[in-house]
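This structure is a prediction, so every number in the text was calculated from the model and none was measured. To find a chain, count down the sequence lines: A is the first, B the second, and so on, and within it residues start at 1.
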Number of protein chains: 2
Amino acid sequence: MKDINGKIRLSAPECNSALSAVGDALYVIGGKWKLRIIIALSEGNKRFNDLQRRVEGISARVLSNELKDLEMNGFVKRMVDSKAKPVVVQYELTDYSNTLEEVLRALHNWGRQHRENIMQRSRKMKLVEA
Amino acid sequence: MKDINGKIRLSAPECNSALSAVGDALYVIGGKWKLRIIIALSEGNKRFNDLQRRVEGISARVLSNELKDLEMNGFVKRMVDSKAKPVVVQYELTDYSNTLEEVLRALHNWGRQHRENIMQRSRKMKLVEA
DNA sequence: CGGTATCCGTTTGGATACTG
DNA sequence: CAGTATCCAAACGGATACCG
């Protein structure tokens, strides 16, 4: 997996495997919103408008489409309580969403670290300027 | 991190942190091609056209833009050997790309597992039909 | 080879209004 | 509230031609 310099080094078959698997993954959870919606729902079940508020910047139309996609792919369940008046709709993560734990953890860690790196770089830039 | 049913359960601050960190991550490595290009380059340094062949479906224009982006963000280095005639250009991963190892591993594993799940589901569907 | 420029159809997505 | 329909502008991206 790693070469003599500590760099990731893939053999041709490993590379093929990675390209196709990561391609499959991006196909279902790629895009700007899917993972964010899943993260927002891991805070707890949410109604449509709550969810829209939690996922900053998403429009109702896009949220609606993304939810349909996520439901189709088994990540999200749409729960309707028709006894309530007016009817209450809640979105809930399925068990299948749990399989994303590692992916989410990795992205979370990387994103946090990356932000720190960027901030350090920009602090250094300012020191050089001054 | 997990609730009583084994589901991922984020507190409000954890959710905020995840949303912003994952948002940062997707901002730089999101999109259809960035990770694939990085994976292709972990097989070894490549010239432009080789890279285009390795990353199936990408057009020269898009590859060109993506490479500029990846270079700007410190994932890729463009190496020019001007002694050669005609000049040879190679793309190489930087050390910073190594920080993506966990992310790539997680996506690779998840993607492979997901494909298997899908295939099983469709096999079952066929049994039910028959 | 390693790209870039241009043209142009397709897709995306915001804003707004509207429905049950 | 929980969306959907419509309109429209901007972004995306393929095809092609072209350059050093």
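- At whole-Å resolution of the value, CD in B:Glu66 and P in D:dC12 are 10 Å apart.
- Rounded to whole angstrom, the span from the CG atom of A:Asn65 across to the P atom of C:dT12 amounts to 10 Å.
- Among the nucleotides D:dG3, C:dG2, D:dT4, the one closest to any side-chain atom of A:Lys68 is D:dT4.
- Among the heavy atoms of the strands, none lies under 4.0 Å from A:Lys32.
- If you check C:dC1, D:dC1, D:dG13 against the side chain of A:Arg47, the one that comes closest is D:dC1.
- Distance A:Lys85 NZ to C:dG20 C1': 12 Å, rounded to the nearest Å.
- Put simply, the side chain of A:Arg78 reaches to within 4.5 Å of the side chain of A:Val89, judged on heavy atoms.
- Spacing between atom CG of A:Leu63 and atom P of D:dT4 amounts to 10 Å, rounded to whole angstrom units.
- If you take CG of B:Asn49 and C1' of C:dC1, they are 6 Å apart, rounded to a whole angstrom.
- Here D:dC19 presents its P atom at 19 Å from CZ of B:Arg61, a figure rounded to the nearest Å.
- At a cut-off of 3.5 Å, with distance as the only test, no side-chain donor of A:His114 or B:Tyr27 sits close to an acceptor on the other residue.
- In this structure, A:Arg54 forms no cation-pi arrangement with A:Phe48, as its terminal cationic atom is not both closer than 6.0 Å to the ring centre and no more than 45° off the ring axis.
- Closest to the B:Arg78 side chain, of the nucleotides D:dA2, C:dG2, D:dG14, is C:dG2.
- Contact check on A:Glu102 versus A:Arg105 returns a salt bridge, with a Lys/Arg side-chain nitrogen under 4.0 Å from an Asp/Glu carboxylate oxygen.
- Straight-line distance from the CG atom of A:Asp81 to the C1' atom of D:dA2: 14 Å, rounded to whole Å.
- Each of C:dC1, C:dT4, C:dG3 was ranked by its minimum atom distance to the side chain of B:Ser64; first place goes to C:dT4.
- In this structure, B:Ile37 places its CD1 atom 12 Å from P of C:dG3, rounding to the nearest Å.
- Nearest nucleotide to the B:Ser59 side chain, out of C:dT4, C:dG14, D:dG14: D:dG14.
- Listed candidates were D:dG3, C:dC1, C:dG14. Nearest to the side chain of A:Val62 is C:dG14.
- Comparing C:dG2, D:dG14, D:dC1 by their nearest atom to the side chain of A:Arg53 picks out D:dC1.
- A side-chain donor-acceptor contact under 3.5 Å links B:Ser11 and B:Glu14.
- Annotation: of the two residues near DNA chain D, A:Ala60 and A:Pro86, the 5′-most nearest-nucleotide partner is A:Pro86.
- Between B:Tyr91 and C:dG3, a side-chain N or O to OP1/OP2 separation shorter than 4.0 Å is present.
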